[in-house]
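Here's the structure, in structure tokens; my notes come after.
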4 protein chains.
Amino acid sequence: MPYKIAIIGASGYTGAELLRIIATHLELEVAALAANSKAGQTMAQVFPHLRHLDLPTLVTWEEIDFSQIDLCFCALPHKTSQEVISRLPGHLKIVDLSADFRLHDPGAYKRWYGNDHAAPEMQKEAVYGLTEFYRAEIAAARLVAGTGCNAATGQFMLRPLIAGGVIGLDDIILDLKCGVSGAGRSLKENLLHAELSEGTHGYAVGGTHRHLGEFDQEFSALAGRDVKIQFTPHLLPINRGILATGYVSGEAQAVHAALAAAYADEPFIEVLPMGETPSTHHVRGSNFCHIGVAGDRIPGRAIVVAALDNLTKGSSGQAVQNANLMLGIAETTGLMFAPCYP
Amino acid sequence: MPYKIAIIGASGYTGAELLRIIATHLELEVAALAANSKAGQTMAQVFPHLRHLDLPTLVTWEEIDFSQIDLCFCALPHKTSQEVISRLPGHLKIVDLSADFRLHDPGAYKRWYGNDHAAPEMQKEAVYGLTEFYRAEIAAARLVAGTGCNAATGQFMLRPLIAGGVIGLDDIILDLKCGVSGAGRSLKENLLHAELSEGTHGYAVGGTHRHLGEFDQEFSALAGRDVKIQFTPHLLPINRGILATGYVSGEAQAVHAALAAAYADEPFIEVLPMGETPSTHHVRGSNFCHIGVAGDRIPGRAIVVAALDNLTKGSSGQAVQNANLMLGIAETTGLMFAPCYP
Amino acid sequence: MPYKIAIIGASGYTGAELLRIIATHLELEVAALAANSKAGQTMAQVFPHLRHLDLPTLVTWEEIDFSQIDLCFCALPHKTSQEVISRLPGHLKIVDLSADFRLHDPGAYKRWYGNDHAAPEMQKEAVYGLTEFYRAEIAAARLVAGTGCNAATGQFMLRPLIAGGVIGLDDIILDLKCGVSGAGRSLKENLLHAELSEGTHGYAVGGTHRHLGEFDQEFSALAGRDVKIQFTPHLLPINRGILATGYVSGEAQAVHAALAAAYADEPFIEVLPMGETPSTHHVRGSNFCHIGVAGDRIPGRAIVVAALDNLTKGSSGQAVQNANLMLGIAETTGLMFAPCYP
Amino acid sequence: MPYKIAIIGASGYTGAELLRIIATHLELEVAALAANSKAGQTMAQVFPHLRHLDLPTLVTWEEIDFSQIDLCFCALPHKTSQEVISRLPGHLKIVDLSADFRLHDPGAYKRWYGNDHAAPEMQKEAVYGLTEFYRAEIAAARLVAGTGCNAATGQFMLRPLIAGGVIGLDDIILDLKCGVSGAGRSLKENLLHAELSEGTHGYAVGGTHRHLGEFDQEFSALAGRDVKIQFTPHLLPINRGILATGYVSGEAQAVHAALAAAYADEPFIEVLPMGETPSTHHVRGSNFCHIGVAGDRIPGRAIVVAALDNLTKGSSGQAVQNANLMLGIAETTGLMFAPCYP
């Protein structure tokens, strides 16, 4: 008997990606789909690529009978998410894909997001959803906070290096290139095809991107001291994919060894042979993350590159991986599909 | 116990797509992979997106022990394919993805491909692999010839209309738009990114595209008379996808009804509501084909549009669907994964 | 002494394209730029690619002193355009890039656009701006109506064939593929990069696209009888470019000869050698239109393909070409820049 | 009377870009075009986008009568270039677009390019073609060596900072993103559309890219000491454009001031207002370079971003700018065309 799940916010890209994954996940069954602005529509109208699936019609989230639901994915915009989640029944397992429960400290939340949190007590309860590093906590959690997609990429690269003490902590630079689906399905001039295709630019340059809140929280906790990295994202004319290039001080061999050891048994994280670096092409549409290391010609400097699909491993795939843990299902269930290349 | 399969020609795009599909197909096991020009390499070297799979190293096809193989996929260039297949053991079930066994008539083969066929007796034995229309023959076949990807798209649209007598047979026009992976991984100047992206052009204009051989063979057999359509393909700056726009004389309602009736029980073919037409976005990376119909403002004229992914439903997905039938596995096994959108 | 021009609606793509062209046009000087929603901003803010130009700050169109202006380009959305133009001073030469003055018949206008025209007397006065066919009228006109970009492409292909009597008039089919900048800079979900890139689909299928109003008006006048063509546009993931594929009954040689004769002396229209067909890549960013012809394998059927850049020859380049005529400047002034390839 | 120029290597992308520029350059006339592998073909066959131009048919370079030529552009692959140039008449002014004469030191040349130089004495004579910094030398030169496109981008950003002493010299990191036309029109699997579009990856990671030879030579000369930067290029699915993100230690205000001062009078280099950073979209198809600066949240760290079009300002536009100087023509002649956006 599959577990019954609901998705709130099913009309956005992360909602669609959850449904794409669950379509071939034998132990999850979609019992309810909510999207308040599109309630009454079928998923075939909202996402014609899901037309072949037998899915419930969209309702408002208030209409869902949660007594029938084992786990609820919440794929709402931030701020809305905390308001909705604070009103959901207390017994319900929840995987939140928004930014609302990633930061444990109310002050940090307010600094990065500009408003007081509507449910600060749940902020503390929530488990940070970076599966490979919080497995036990996630398995026991009621509320799991999906990580930022950029934050996931940077952490997969840097956590073993910080934990292993193989790099300097004061000059870490993360230059990140990301696809446009990370910005969601919102109507903004800068997301139009004519504005984006055939070119690239940086954004949030100078350390203002909100995912820095996650880096600060996680890296500082890991190092036992304040760690502040430089992080500059760039928008690429691709729909899916994040490539993060990390510049660190450290010996490349030690850096590679730390990553290889950390991920030796991980089903979704592949450390490439020394000297090879990854491409977003090779993880596209999958839950895999590829990481590579090269030494620079300058002694003592290493370059680490990580690639993942922001919608899958960076968001909805991670969410299903966490849901599997929370429901006691094998962690890789429904997630071993290969990348879609070319 | 899964069936053991081999792939000859595993270093091209259709070979990679076969492996992507089989990665989550529980009843097929990859026992051997051949690519003579890359023998000795691992699949992770040739296709890093398959790095997470435990796959055999590439060998030459002559090195494969076919006594251990239940079914062999042959994903070689045409001409090479007929030479190799004619030398494979007689007991072996074969799904050929090349053009070599699509045309039953040696004269037609020579006209379209320019050379005498090396195995004309196998040409006659081969079953045309358009699954939805040759199920019983495919299930009983030893050698199945995968269709052209354009030919499949046009036939999904037009066969029920010709068979149903709802359109004129003398003025059918098929304007087709296709993605670049259909041309394979070959080194040709016109397939470079800089030559293709940001624009479009027609090719084989004037009725010279080889897939016309398949249209002629199949439509004429179906109609019991000679049927010759106009067919013009155009190359788009997308990797996957075919959109075929058909211009026919006939009543749009009758056209729609004929398609809806033909595909009512088909798991992979979706006929859209009257007046809606499909997008390649919504079938990308999947084994689904979407077909829509609209009436023109000119009475008695209808427009039919079909969309599929050339690498999946147009090639490797079809091949697996046929292999399932040939091996007595449920036809949809391993093929119900949803499109990858956006 | 250059002529002084104004642009109303300078914050859209056709406005930007006018400025790109005028940047190296020695006989035109930009005296005023209006965009009511962005009045007060500099062009460097609205279009950073024009940052190097010394341009006037944006104002509202009501603020412009038209007594100093020789010619005004109006690049507003339709409906808005007719309201603004009907209030401009009577002496002012105007090139309108909207749809508002293309159709001479108020009834036809209402049928295609849904509303009564606000300035029906100006509708009659306006000259249809297809330069190559209305040169004398344009040179003498006060108000010239820029054509639709699709309408221009189809007419460059079909007018000489209809006028020359070399094709049948009752079965003309125009399958058109166009880039996304034709839809302007408006915030619509279907214009987002994530929705458009990597795929294609038809739209306004079934003879509902408004440019059919232009085809009907022009082709019927030319033939001296009602001519109704079938016309289906498709949206491509490219920013610039229209490729129109025409299917006609007629002898390919006669079709080619009619085109070659019609355009022998035209500076911007290139008829390719018989059997070659064009690519949008080769006209991108330029005022050129390439046209090619191929005979089909079916006797008596020809395929004609035309390519142009919707923003240049299809809109702003045409507008400057017309302005040159209206101001008595050499017609090609400022327009002979080569396409931008690759 | 325009100057007569020849182009050797006219069938590649930089050759095509030279012709695009010269098409509207009133003081240069194309007298001869050579491409040994395509001798006998017309430019309309090799580059149909130049079909409207009245250009000489391609010949072998040995067939050119150089006594009639004022200046020769050499757009050959490296190694070939030095062999050809060493055999050209001694009086001829030459702008070389290859890598062959960029490095003055034969040892450095051999280290980066792997072979002994065929014309070491010309290596010494050649002037490095970064126009804005070597104007007087270029004006007086017989042989000018066009810079690497990545090298140009990095130097426009960093030279004023190194010269001005406003940044540290030992921790400069340049993370660069570049379009595919920089790799030329060569048949390589990794340049196919299907391999490149929809994704990104780094290459030459670890300080192995040959343009580092130029950085080392120029920055060390400028600083009066050894300067070695870290430089990692990434390939983007765009045809034109380089975006370089520089990470430096220094005060952002001082960095911005140094750039603003250096380029205050430069016609092609635009320094954006403090805090804004550029996009390749806004320089595409033009000879402009945009540079922006932002301070990081970490005190004493600044981020500098530069954008240019690799084929124009990074190569053929630079070449024409240098040719203008060498011929005594106003430097901006033929180069003030605006970017092509969108």
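Predicted model, so just to flag it, every value in this text is computed and none were measured. In what follows, chains are A, B, ... by sequence order, proteins preceding strands, each numbered from 1.
In plain terms, the two heavy atoms of B/Ala194 and C/Pro342 that are nearest each other are O-CB, 3.3 Å. A pairwise comparison of heavy atoms in B/Leu174 and C/Tyr247 identifies O-OH, 4.4 Å as the closest pair. Across B/Val205 and C/Ala294, no two heavy atoms sit closer than the pair CG1-CB, 3.7 Å. Taking each heavy atom of B/Arg297 and C/Ile229 in turn, the nearest pair found is NH2-O, 3.0 Å. Across all their heavy atoms, C/Gly199 and B/Ile238 have their closest contact at N-CG2, 3.4 Å.
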Self-check item: Chi angles and distances behind the side chain to side chain contact (heavy atoms under 4.5 Å, CB included) call for C/Ile173, B/Ile173
Solution: CA-CA 9 Å; C/Ile173 292 175; B/Ile173 292 175; 3.9 Å; yes
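Using a 4.0 Å cut-off between charged nitrogen and carboxylate oxygen, B/Lys177 and C/Asp175 count as a salt-bridge pair.
Inter-residue side-chain proximity for C/Gln230 and B/Ile303 is flagged as met; some heavy-atom pair is nearer than 4.5 Å. At least one side-chain heavy atom of B/Leu236 sits less than 4.5 Å from a side-chain heavy atom of C/Leu236.
Interface check for chain B: of the options C/Glu195, C/His282, C/Arg240, the most heavy-atom pairs under 4.5 Å are formed by C/Glu195. Top candidate by heavy-atom pairs under 4.5 Å with chain B, chosen from C/Asp171, C/Leu192, C/Leu235, C/Leu212, is C/Leu212. Counting heavy-atom pairs closer than 4.5 Å to chain C, the top residue among B/Gly295, B/Ala307, B/Gly241 is B/Gly295. Annotation: maximal heavy-atom pairing with chain C below 4.5 Å, among B/Thr232, B/Val283, B/Asn239, B/Val305, occurs at B/Thr232. Ranked by heavy-atom pairs under 4.5 Å with chain C, the list B/Leu196, B/Thr200, B/Val293 is led by B/Thr200. When B/Ser197, B/Ala302, B/Gly292, B/Gly275 are compared by the number of non-hydrogen pairs under 4.5 Å with chain C, B/Ser197 comes out ahead.
Between the side chain of B/Arg301 and the main chain of C/Gly206, no donor-acceptor pair closer than 3.5 Å is present.
Side-chain contact check for B/Tyr341 and C/Glu198: no donor-acceptor pair (N or O, by modelled atom type) lies under 3.5 Å. C/His201 and B/Thr280 share no side-chain donor-acceptor pair at under 3.5 Å.
Summarising the geometry, atom OG1 belonging to C/Thr245 is positioned 11.0 Å from atom CG belonging to B/Leu176; distances are rounded to the nearest 0.5 Å. The OG1 atom of B/Thr208 sits 9.0 Å away from the CG atom of C/Asp296 when rounded to the nearest 0.5 Å.
Only the side chain of B/His234 comes within contact range of chain C, with at least one heavy atom under 4.5 Å from a heavy atom of that chain. Only the side chain of B/Thr277 comes within less than 4.5 Å of a heavy atom of chain C; its backbone N, CA, C and O stay farther away.
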